[in-house]
Amino acid sequence: MNERDSEAVAALLRDKGYSIVPEEVNADVILLNTCSVREQAEQKAIGKAGHLSARKRRNPNLIVGIMGCMAQNKGDTLVDKLPDLDLVIGTQKFHRVPDHLDNVIASLNGLGPKPATIIDIAEEKGSQNTIKSHVEDNPNVAAFVSIMQGCNMKCSYCIVPKTRGAERARPMNEIVDEIKTLVAKGTREVTLLGQIVNQYAVREFPFVDKKSPFVQLLEKVNAIEGIERIRFTSPHPVGFRDDLIECYTRLPKLCEYLHFPMQSGSNKILKAMRRPYSIERFKAIIDKIRAIRPDIYISTDIIVGFPGETEEDFEATRSAFEALKFDMAYVFKYSVRPGTSAEPEGDPISKETKEARNQVLLDILKQTSLERNQSLIGTAQEVLIEGPAKRGNGIFVGRTRGYRKVIVPASDRLVGALVSVKINEVTASTLTGDLIIAD
Ligand code: 5AD
Ligand code: SF4
């Protein structure tokens, strides 16, 4: 989501005549987009902003701004720490960056009052409709499209409702139009983004034939000519009903891939996290999807070390994690976030215990993921070629429908094409193969 937001700001600036430089040292304006989900991410951003502030003291014409969740979360207290900042822009104000920059530049040129830090972190009605620009000269074969902003859930560990505000959906026709524009520029795959996508527009649009607004949107995107693949992230187990499950057989462009956050395998911890489902319900959803789509790839998010997580609770997570055979997972060590309802519980689980639990899950994941990849050796996989690999030399990167990264010798001509690749070698994270040329 942050990548998507950064891209939108970059596109707006590009339209105003700015250009994007590949090397940070050559930039006149540096904007940091920031994450607040864990403390570590904030520390990293503050460290980076500190370095930039020091550079700015040597070069007063350098413009430095902080955008996004940490700007929203910390607001003016950021300026107490980093008084040299030019801009602090909240999550509902990304589209205001070009105007604010105009003011900063005018004052640097002596055309305006001496600049104080511009802090713009208010809520703004309709801001969900502003994140739609894309950088034109670099069309992404696989693009992200925001369909909503904010979240109304109250997971006890999560800062997102505070930094991103209440759920606000974009109109369906605007999303469809944006995707059509992307297709015209070369996009073949879209990932629909939101904090809780299956709740998309539940308050704004009616259910039709028992289909949720999100399922209606998926149908519309599936009908767009030129789009080959659809993904979405992230859904919530609450409201993951049959109408959505059936999409995995009904909508051919919906990839057999699902990111499905479990968070914990212990019902006691799920309750403490204010995740309103049981592990049995979570498993039942996955069983249903696998029954109709046995080839699906499923990834998840897990938090280890939530306050009160005993060995027994972790064992419940471990065994569910093992039994569900996730193909990919993001495992996070719990981090206390200000203003969340779990904040008063503090952080009673030791760093060592969190680390050990983290490692147990990563070891299981490595094994499961490797086994799944090994089962692909010798098979032909449909791969969407996204672009040249970093190592260059005629080597390209693409993904399977299951979101597996594939390394394959190819050519520029094939960027944006769906090709067939025979898989020769695999690791837990990557497949390597050769193009199958049809004769
Ligand atoms: N500590 C650790 N992980 C967290 N996440 C959200 N908040 C926290 C926190 N306070 C994780 C969740 C979520 C993912 C995006 O980040 O697993 O799904
Ligand atoms: Fe955070 Fe829960 Fe909303 Fe996800 S559903 S963004 S974890 S509050």
Got more than 12 heavy atoms from elsewhere within 6.0 Å of NZ, Lys185?
-> yes
Is there side-chain contact between Tyr257 and Asp327, with at least one heavy-atom pair below 4.5 Å?
-> no
Pair Arg55 + Glu24, salt bridge at N-O below 4.0 Å = yes
Using side chain to side chain contact (heavy atoms under 4.5 Å, CB included) as the criterion, list what pairs up with Ser53, not counting sequence neighbours.
-> Arg57, Leu82, Asp84
Would you call Leu87 and Thr117 a side-chain contact if the rule is heavy atoms closer than 4.5 Å?
-> no
Could you tell me how the ring of Tyr157 sits relative to the ring of Phe306: parallel (under 30°), tilted (30 to 60°) or perpendicular (over 60°)?
-> perpendicular
Taking side chain to side chain contact (heavy atoms under 4.5 Å, CB included) as the test, write out the residues that go with Gln128, two or more places apart.
-> Gln149, Arg168, Arg170
Heavy-atom side-chain contact between Val304 and Phe332 under 4.5 Å | no
Hey, are Arg357 and Glu309 close enough for a salt bridge, meaning a charged N less than 4.0 Å from a carboxylate O?
-> yes
Is the number of heavy atoms from other residues, nucleotides or ligands under 6.0 Å of Lys253 NZ greater than 12?
-> yes
Heavy atoms from other residues, nucleotides or ligands near NZ of Lys288 exceed 12 (cutoff 6.0 Å) | no
Partner of Ile279 by side-chain contact (heavy atoms from CB on, under 4.5 Å), out of Ile269, Asn267, Thr317 = Asn267
Is there side-chain contact between Thr300 and Tyr330, with at least one heavy-atom pair below 4.5 Å?
-> no
Tested for salt bridge (Lys or Arg N to Asp or Glu O under 4.0 Å) against Glu256, the lone hit among Arg290, Arg404, Arg293 is Arg293
Without hydrogens or angle criteria, can the side chains of His134 and Asn140 be said to hold a donor-acceptor pair below 3.5 Å?
-> no
Flag the pair Tyr334 / Ile349 as yes when at least one side-chain heavy-atom distance between them is below 4.5 Å, and no otherwise.
-> no
Please confirm whether Arg318 makes a cation-pi placement over Phe321, using NZ or CZ under 6.0 Å from the six-membered ring centre and within 45° of the ring normal.
-> no
Non-neighbouring partners of Val208 that pass side chain to side chain contact (heavy atoms under 4.5 Å, CB included), sequence neighbours left out = Gln216
